[in-house]
Amino acid sequence: MAREIIASVRGMRTIWGEEAQRLETLLGLIRQLLQQSAYGPISLPLLEKTSLFQRAVGEETDVVSKEMYTFLDRNEESVTLRPEATAGVVRALIENGLLQQPHRLYSEGPMFRYEKPQKGRYRQFYQVSVEAFGSAAPALDAELIQLGHRLFQKLGVLDLLTLEINSIGLAEERQRFQAALVDYLRRQADALDPDSRRRLDSNPLRILDSKEATTQALLDDAPVLDDYLGVASRTHFQRLCQTLDELGISYRRNPRLVRGLDYYNHTVFEWTTQALGAQGTVCAGGRYDGLVEQLGGPATPASGFAFGVDRIYLLAEQVGFFPAPAPLLYALASREDYLPRLLATAARLREALPALRVQVQTEVQALKKQLQKADKSGARYALILGDDEFQSEHISIKNLQTGQQQTLTPEGLVSFLQEDL
């Protein structure tokens, strides 16, 4: 009786083959750019105590109230698969007493949110999160934005993106604005979409992000956050804009941009695109000066953002950024006794020609069958070590497209492949 095949969990992906190789190329470029700017890696656990995100992100946010994967472990403690990385980085620095000096860190890996799966949005999604601690200067915010700008330039996708920025000021300024906004919207509650009516009591600032046309029309006459910002907040934002202007980084002021996490203050920003349908945000972040203290650490200014790797990958694929895979050479032997020499030859080729991929057929079969496998693999060449080659200490190489074959010395083989690659 055949057993039922177990499918993957909805919204979780298996990535392999060429897509996995391309993803590694993208992540390698991101790591290189971050390390050039003196950001170092930090590895975080996938599981955190639920209370970490409740306190950091905010219990009334959509992330905490609707999207987290939360469960009780065997000790009846509530734990959560991380929905974002910043709270975990802050927790790690506080727990290990590492906030006596500035830090520049990046973490990477899967995050988990229970959202509706669609192209560019998965329940397990991949992020690279970038965090800087110890500076309150708007120039730090500008540098973080510049990191995204550099990546998008290198990928050739900058023309597909718009940088949106805003200042959400300090907590007390937002509270005054929020009170005025709620007062205004309650008088218009019947005209709000259902989700916005729900948010009136839980997270009213997120109504500013509503995609409903009727709600957006109501917001045209709503109070404006700018009117509630103090001198310090205005000055911070003005200096950020001046710095971006001097760097030649184009941006659009979006006064309704607030971000979905409670810990932000002053600068918030998003890189958005029209090229991915509804999934328009590919990179986002901002300043979170109060988060360290909120989680029990010393008062520490901080700023950060996250690359949405899945969506950036889709953009890079659209513009043809990813190079063709490195040429594959399929190495095979006619006898098992010849495999040690074949493996040694493959190792020498990999060392001499890093751009070449060499796959060794370690199970000896009839030569015709092995050549059929070589052809199915997509290899450009088959490397053949038969009786004659073993005795003469030569090796044959066959072009699998043309059928041409020649026998070469090991040195001649390297020279031949160097000219061909």
Side-chain angles (χ1 to χ4, degrees), residues 42 44-68 70 77-107 111-113 127 129-138 140-141 144 166-179 199 201-206 225 228-230 232-233 236-237 257-269 284-306:
I42 179 173
L44 300 172
L46 292 179
L47 274 180
E48 297 275 8
K49 293 181 178 180
T50 303
S51 56
L52 173 67
F53 302 112
Q54 289 172 332
R55 196 193 305 181
V57 177
E59 291 199 56
E60 299 301 329
T61 61
D62 286 353
V63 171
V64 173
S65 65
K66 298 197 300 184
E67 298 172 359
M68 294 201 312
T70 297
E77 182 174 25
S78 181
V79 293
T80 295
L81 285 169
R82 61 187 186 192
E84 59 97 52
T86 300
V89 173
V90 174
R91 187 268 311 149
L93 294 180
I94 295 172
E95 185 177 6
N96 293 283
L98 299 174
L99 284 163
Q100 292 79 18
Q101 58 184 352
H103 288 280
R104 292 178 168 219
L105 301 167
Y106 71 90
S107 62
M111 310 292 159
F112 302 86
R113 296 186 190 180
Q127 277 190 350
S129 185
V130 186
E131 323 290 347
F133 299 88
S135 172
L140 174 60
D141 305 350
L144 293 170
N166 194 25
S167 173
I168 59 171
L170 301 172
E172 56 270 24
E173 295 164 351
R174 287 197 305 281
Q175 287 169 4
R176 290 195 296 270
F177 165 66
Q178 180 172 301
R199 284 174 167 161
D201 295 315
S202 60
N203 194 3
L205 291 186
R206 292 297 289 166
L225 178 56
Y228 295 82
L229 298 182
S233 294
H236 187 104
F237 190 66
L257 177 62
V258 293
R259 302 290 300 137
L261 310 180
D262 279 358
Y263 53 61
Y264 286 114
N265 68 293
H266 284 316
T267 304
V268 289
F269 65 88
R287 180 162 285 279
Y288 49 93
D289 292 334
L291 182 58
V292 175
E293 193 171 12
Q294 185 177 323
L295 292 178
T300 306
S303 194
F305 72 97

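- Although no hydrogens or angles enter the test, the distance criterion places no donor-acceptor pair under 3.5 Å between the side chain of Thr80 and the main chain of Arg82.
- Looking only at atom types and distance, the side chain of Ser233 has no donor-acceptor partner in the side chain of Ser167 under 3.5 Å away.
- Between Phe269 and Phe305, the ring planes are tilted. Angles from 30° to 60° get that label.
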So Thr300 and Asp289, side chain to side chain contact (heavy atoms under 4.5 Å, CB included) or not? Walk me through it.
-> CA-CA 6 Å; Thr300 306; Asp289 292 334; over 6 Å; no

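- Inter-residue side-chain proximity for Pro204 and Gln178 is flagged as met; some heavy-atom pair is nearer than 4.5 Å.
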Assess whether side chain to side chain contact (heavy atoms under 4.5 Å, CB included) is satisfied between Arg174 and Asn265, documenting all intermediate values.
-> CA-CA 9 Å; Arg174 287 197 305 281; Asn265 68 293; 4.0 Å; yes

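- Counting heavy atoms from C-beta on, the side chains of Thr86 and Tyr263 come closer than 4.5 Å.
- The shortest side-chain heavy-atom distance between His236 and Arg287 falls under the 4.5 Å cut-off.
- Side chain to side chain, Asp141 and His266 fail the donor-acceptor criterion of an N or O pair below 3.5 Å.
- No side-chain heavy atom of Val258 sits less than 4.5 Å from a side-chain heavy atom of Val268.
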Residues Leu93, Val292; criterion side chain to side chain contact (heavy atoms under 4.5 Å, CB included); working and verdict = CA-CA 9 Å; Leu93 294 180; Val292 175; over 6 Å; no

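- Gln294 is not listed as a side-chain neighbour of Tyr288, based on a closest heavy-atom distance of 4.5 Å or more.
- Nearest heavy atom pair, residue Phe53 against residue Glu84, reads CE2-O, 3.8 Å.
- In this model, a donor atom of one side chain and an acceptor atom of the other lie less than 3.5 Å apart for Ser129 and Glu131.
- In this structure, the side chain of His103 does not engage the main chain of Ala132 through any donor-acceptor pair within 3.5 Å.
- Contact of the Val79 side chain with the Thr70 side chain is not registered, since no non-hydrogen atoms from C-beta on lie closer than 4.5 Å.
- The two atoms that bring Val63 and Pro83 nearest to each other are CG1-CB, 3.8 Å, heavy atoms only.
- Shortest non-hydrogen contact noted between Leu144 and Val130 is CD2-CG1, 4.0 Å.
- The shortest side-chain heavy-atom distance between Met68 and Leu81 does not fall under the 4.5 Å cut-off.
- Side chain of Gln100 to backbone of Gly97: a donor-acceptor contact under 3.5 angstrom is found.
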Report the C-alpha separation of Thr267 and Ser303 in whole Å, then their side-chain angles, then the decisive distance to 0.1 Å, and conclude whether the side chain to side chain contact (heavy atoms under 4.5 Å, CB included) test is met.
-> CA-CA 9 Å; Thr267 304; Ser303 194; 5.8 Å; no

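- Minimum interatomic distance between Ser107 and Ile42 (heavy atoms only, all atoms of both residues): CB-O, 3.3 Å.
- Taking every heavy atom of both residues into account, Leu295 and Ala87 meet most closely at CD1-O, 4.1 Å.
- Although no hydrogens or angles enter the test, the distance criterion places no donor-acceptor pair under 3.5 Å between the side chain of Glu293 and the main chain of Gly290.
- When every heavy atom of Thr50 is checked against every heavy atom of Ser78, the shortest pair comes out as OG1-OG, 2.7 Å.
- Rounded to the nearest 0.5 angstrom, Leu229 CG and Phe177 CZ are separated by 9.5 Å.
- The shortest side-chain heavy-atom distance between Phe133 and Pro301 does not fall under the 4.5 Å cut-off.
- In this structure, the separation between OH on Tyr228 and CD on Glu173 is 12.0 Å, given to the nearest 0.5 Å.
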